[in-house]
Novice: 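Attaching a single structure in structure tokens format; questions to follow.
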Amino acid sequence: MIEVENLTKLYGKFKALDGLNLEIDENEVFGFLGPNGAGKTTTINLMMGMLQPTSGSIKIAGIDVARNPLEIKKLCGYLPENVGFYDHMTAKQNLLYFSEFYNIPGHEATAIIEELLELVGIADVADKKVGEFSKGMKQRLGMAQALLNDPKVIFLDEPTSGLDPQGAADFKKIIKDMKKEGKTIFFSSHILSEVREICETVGIISRGKLVAKGRIEEFASQNGISIAVETEPELDPSILETFGRVSMEGSKAIVEVEKDCRVEISKALNERGYIVKELHMLELDLEEIYLSIVQER
């Protein structure tokens, strides 16, 4: 659905993006991670046709973004980190105004807007001026705007910024529902626990370059596998040294291994008369993976 080839963006001598290559499948929820200033928002603005690349190309659903920016805006939705509305207008009036850009007939637009405001949880303030909204309420309205044209691809830049825990949970549910409807979602966030919960594939950008891409479980296996073992009676750690480096955490042994060998460990322990109380994989969490990759970069 999204194809990015050798994408570069210069601001004077500064390279905001440096030869970025990226492919995102249709109906994929893709998490885009990176430190501040890494180029995440620049990438989204280029994908939405709001900036022109210095070199390289972007295609969305086979359409060249630089050559057909209006076509791209018809099939994409976008929630920026700092969403903007007309403060003197109500939530409903703002969305009706934006619906005119998509040539949605008035009666149809009204029905769509009522449904979207219900979806994002602000139907009860539809006729309230946006200038009186909190940041979280504006963020909810921004999600409604992003879905106004029933887009195939949705770009979300820090979508849960300013939301309370309930609001964040509501957004995660909406994103999962959009996935079920077949939409492709590009999700940029600093909240790594959310990325882990929502996204199937993750890309990490640092200093304008994509330094890693893959499924989260693939990152975990690349960064090492450990197996936790606890037995009765208490384990003699030397028994496990043939499988990898062993360390003890209380009565529990942690074995650093190259591959999943839980079956072999279980067999070795049973042969020696141990009762296995606990035997499971320990995965690196996304925060550890992210920090290790960025710091190495």
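Here the structure is a predicted model, which is why all the values come from computation and not from measurement.
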Novice: Same cluster or not: Leu279 versus Met248, using hydrophobic residues (I, L, V, M, F, W, Y) connected whenever any side-chain heavy atoms lie under 4.5 Å apart?
Specialist: no

Novice: Is a side-chain donor or acceptor of Arg140 paired with a backbone partner of Val120 at a separation under 3.5 angstrom?
Specialist: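 Yes, because the side chain of Arg140 sits within donor-acceptor range (under 3.5 Å) of the backbone of Val120.
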
Novice: Looking at every non-hydrogen atom in both residues, tell me the closest pair between Tyr78 and Met50 and how far apart they are.
Specialist: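 Closest approach of Tyr78 to Met50: CE2-CE, 3.2 Å.
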
Novice: Could you tell me whether the side chain of Ile24 reaches within less than 4.5 Å of the side chain of Met1, counting heavy atoms only?
Specialist: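 Not touching, per the 4.5 Å side-chain cut-off.
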
Novice: Near Lys129 NZ, under 6.0 Å, is it more than 12 heavy atoms from other residues, nucleotides or ligands?
Specialist: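 Open: at most 12 neighbouring heavy atoms sit under 6.0 Å from NZ of Lys129.
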
Novice: Would you call Arg272 and Asp236 a salt bridge, using N to O less than 4.0 angstrom?
Specialist: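 Asp236 and Arg272: not salt-bridged.
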
Novice: Do you know the tightest heavy-atom contact between Leu46 and Leu51?
Specialist: CD2-O, 3.5 Å

Novice: Sequence neighbours left out, what passes ring pair (Phe, Tyr, Trp, His ring centres under 6.0 Å) with Phe186? Give chain and number order.
Specialist: Phe30, Phe32, Phe155

Novice: Evaluate the side-chain proximity of Ile60 to Val65: yes if any heavy-atom separation is below 4.5 Å, no if none is.
Specialist: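 Counting from C-beta outward, Val65 and Ile60 do come under 4.5 Å.
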
Novice: Mark yes or no for whether Gln139, through its side chain, and Pro159, through its backbone, hold a donor-acceptor pair below 3.5 Å.
Specialist: yes

Novice: Do you know which two heavy atoms are closest between Met48 and Gly77, and how far apart they sit?
Specialist: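 Nearest heavy atoms, Met48 then Gly77: SD-O, 4.5 Å.
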
Novice: Does Lys73 NZ have over 12 foreign heavy atoms under 6.0 Å away?
Specialist: yes

Novice: Does any non-hydrogen side-chain atom of Ile113 lie less than 4.5 Å from one of Leu148?
Specialist: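 SC-SC contact between Leu148 and Ile113 confirmed.
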
Novice: Hey, could you give me the OG/CG distance between Ser188 and Leu79, rounded to the nearest 0.5 Å?
Specialist: 11.0 Å

Novice: Any idea which heavy atoms bring Ala253 and Leu240 closest together, and the distance?
Specialist: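 Closest heavy-atom pair between Ala253 and Leu240: CB-CD1, 4.0 Å.
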
Novice: Do other residues, nucleotides or ligands put more than 12 heavy atoms under 6.0 Å from the NZ atom of Lys138?
Specialist: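 For Lys138, atom NZ is crowded (more than 12 foreign heavy atoms under 6.0 Å).
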
Novice: What's the separation between atom OG1 in Thr42 and atom CG in Leu17, rounded to the nearest 0.5 Å?
Specialist: 5.5 Å

Novice: Determine, step by step, whether Asp25 and Thr184 satisfy the side chain to side chain contact (heavy atoms under 4.5 Å, CB included) criterion, reporting the C-alpha distance in whole Å, the side-chain angles of both residues, the deciding distance to 0.1 Å, and the verdict.
Specialist: CA-CA 8 Å; Asp25 292 334; Thr184 304; over 6 Å; no

Novice: Please tell me whether Ile205 and Leu10 are part of a single hydrophobic cluster in this structure, the criterion being side-chain heavy atoms less than 4.5 Å apart.
Specialist: no

Novice: With a 4.5 Å limit on heavy-atom distance, are the side chains of Leu119 and Ile174 in contact?
Specialist: yes

Novice: Please say yes or no: joined through hydrophobic side-chain contacts below 4.5 Å, possibly via intermediate residues, are Ile44 and Tyr11 part of one cluster?
Specialist: yes

Novice: Taking CD in Glu5 as the centre, count heavy atoms belonging to other residues, nucleotides or ligands within less than 6.0 Å. Is the count above 12?
Specialist: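 Not more than 12 within 6.0 Å, no.
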
Novice: Answer yes or no: is there a side-chain heavy-atom contact under 4.5 Å between Leu70 and Phe101?
Specialist: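 In short, these two side chains do not touch, never coming nearer than 4.5 Å.
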
Novice: Output yes when a side-chain donor or acceptor of Asn21 lies under 3.5 Å from a complementary backbone atom of Gly19, and no otherwise.
Specialist: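 Checking the backbone N and O of Gly19 against the side chain of Asn21, a donor-acceptor pair under 3.5 Å is found.
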
Novice: Once you round to the nearest 0.5 Å, how far does NZ of Lys59 lie from CD1 of Ile2?
Specialist: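 The distance works out to 14.0 Å.
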
Novice: Step by step, would you call Arg196 with Val202 a side chain to side chain contact (heavy atoms under 4.5 Å, CB included)?
Specialist: CA-CA 9 Å; Arg196 171 127 203 176; Val202 170; over 6 Å; no

Novice: Leu116 and side-chain contact (heavy atoms from CB on, under 4.5 Å): which partner among Asp150, Leu147, Ile122?
Specialist: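 It is Leu147, the one option of Asp150, Leu147, Ile122 that forms the side-chain contact (heavy atoms from CB on, under 4.5 Å) with Leu116.
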
Novice: Quick one: does Met47's side chain get under 4.5 Å of Val153's, heavy atoms only?
Specialist: no

Novice: Could you tell me the separation between the OG atom of Ser189 and the CG atom of Leu33, rounded to the nearest 0.5 Å?
Specialist: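 Going from the OG atom of Ser189 to the CG atom of Leu33 covers 7.5 Å.
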
Novice: Evaluate the side chain to side chain contact (heavy atoms under 4.5 Å, CB included) criterion for residues Leu269 and Leu235: first the C-alpha distance (whole Å), next the side-chain angles of each, then the deciding distance (0.1 Å), finally the verdict.
Specialist: CA-CA 9 Å; Leu269 293 173; Leu235 184 63; 3.4 Å; yes

Novice: NZ of Lys92 to CG of Asn94: how many Å apart, nearest 0.5 Å?
Specialist: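 Interatomic distance, Lys92 NZ to Asn94 CG, rounded to 0.5 Å: 13.0 Å.
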
Novice: Among Thr110, Ile104, Asn149, which residue satisfies the side-chain contact (heavy atoms from CB on, under 4.5 Å) criterion with Ser99?
Specialist: Ile104

Novice: Compare every heavy atom of Ala38 with every heavy atom of Ser206, then report the nearest pair and how far apart it is.
Specialist: CA-CB, 4.2 Å

Novice: Side-chain contact test, heavy atoms from C-beta onward, threshold under 4.5 Å: evaluate it for Val130 versus Tyr86 and give yes or no.
Specialist: no

Novice: Does Thr231 have any side chain to side chain donor-acceptor pair (under 3.5 Å) partners at least two apart in sequence or in another chain, and if so, which?
Specialist: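 Here no residue qualifies.
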
Novice: List the steps and the verdict of side chain to side chain contact (heavy atoms under 4.5 Å, CB included) for Val125 and Thr90.
Specialist: CA-CA 8 Å; Val125 291; Thr90 66; over 6 Å; no

Novice: How close do Ala168 and Leu163 get, counting heavy atoms only, and between which atoms?
Specialist: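 So the two residues come closest at N-CB, 3.9 Å.
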
Novice: Closer than 4.0 angstrom, basic N to acidic O: yes or no for Lys74 and Glu71?
Specialist: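 The answer is yes: the pair qualifies as a salt bridge.
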
Novice: Going by distance alone, is a donor N or O of one side chain under 3.5 Å from an acceptor N or O of the other, for Thr41 and Glu81?
Specialist: no

Novice: Would Phe98 and Tyr102 count as a ring pair (Phe, Tyr, Trp, His ring centres under 6.0 Å) if you check the C-alpha gap in whole Å, the side-chain angles of each, and the deciding distance to 0.1 Å?
Specialist: CA-CA 7 Å; Phe98 292 122; Tyr102 299 110; 8.9 Å; no

Novice: Under the salt bridge (charged side-chain N to carboxylate O under 4.0 Å, His left out) test against Glu200, which residue among Lys179, Lys176, Arg215, Lys213 passes?
Specialist: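 Of all the options given, the one that passes is Lys179.
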
Novice: Check whether any side-chain heavy atom of Lys173 sits under 4.5 Å from a side-chain heavy atom of Asp177, and report yes or no.
Specialist: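 Side chain of Lys173 against side chain of Asp177, heavy atoms only: contact under 4.5 Å found.
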
Novice: Rounded to the nearest 0.5 Å, how far does CD of Glu271 lie from OG of Ser266?
Specialist: 10.0 Å

Novice: Can you check whether Ile198's main-chain N or O pairs, donor with acceptor, with Lys172's side chain at less than 3.5 Å?
Specialist: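 Not a single qualifying donor-acceptor pair exists.
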
Novice: Which pairs pass side chain to side chain donor-acceptor pair (under 3.5 Å) with one or both residues in residues 115-125, sequence neighbours excluded?
Specialist: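 Residue pairs passing side chain to side chain donor-acceptor pair (under 3.5 Å), neighbours aside: none found.
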
Novice: Okay, side chain of Lys40, backbone of Gly34: is any donor-acceptor separation there less than 3.5 Å?
Specialist: yes

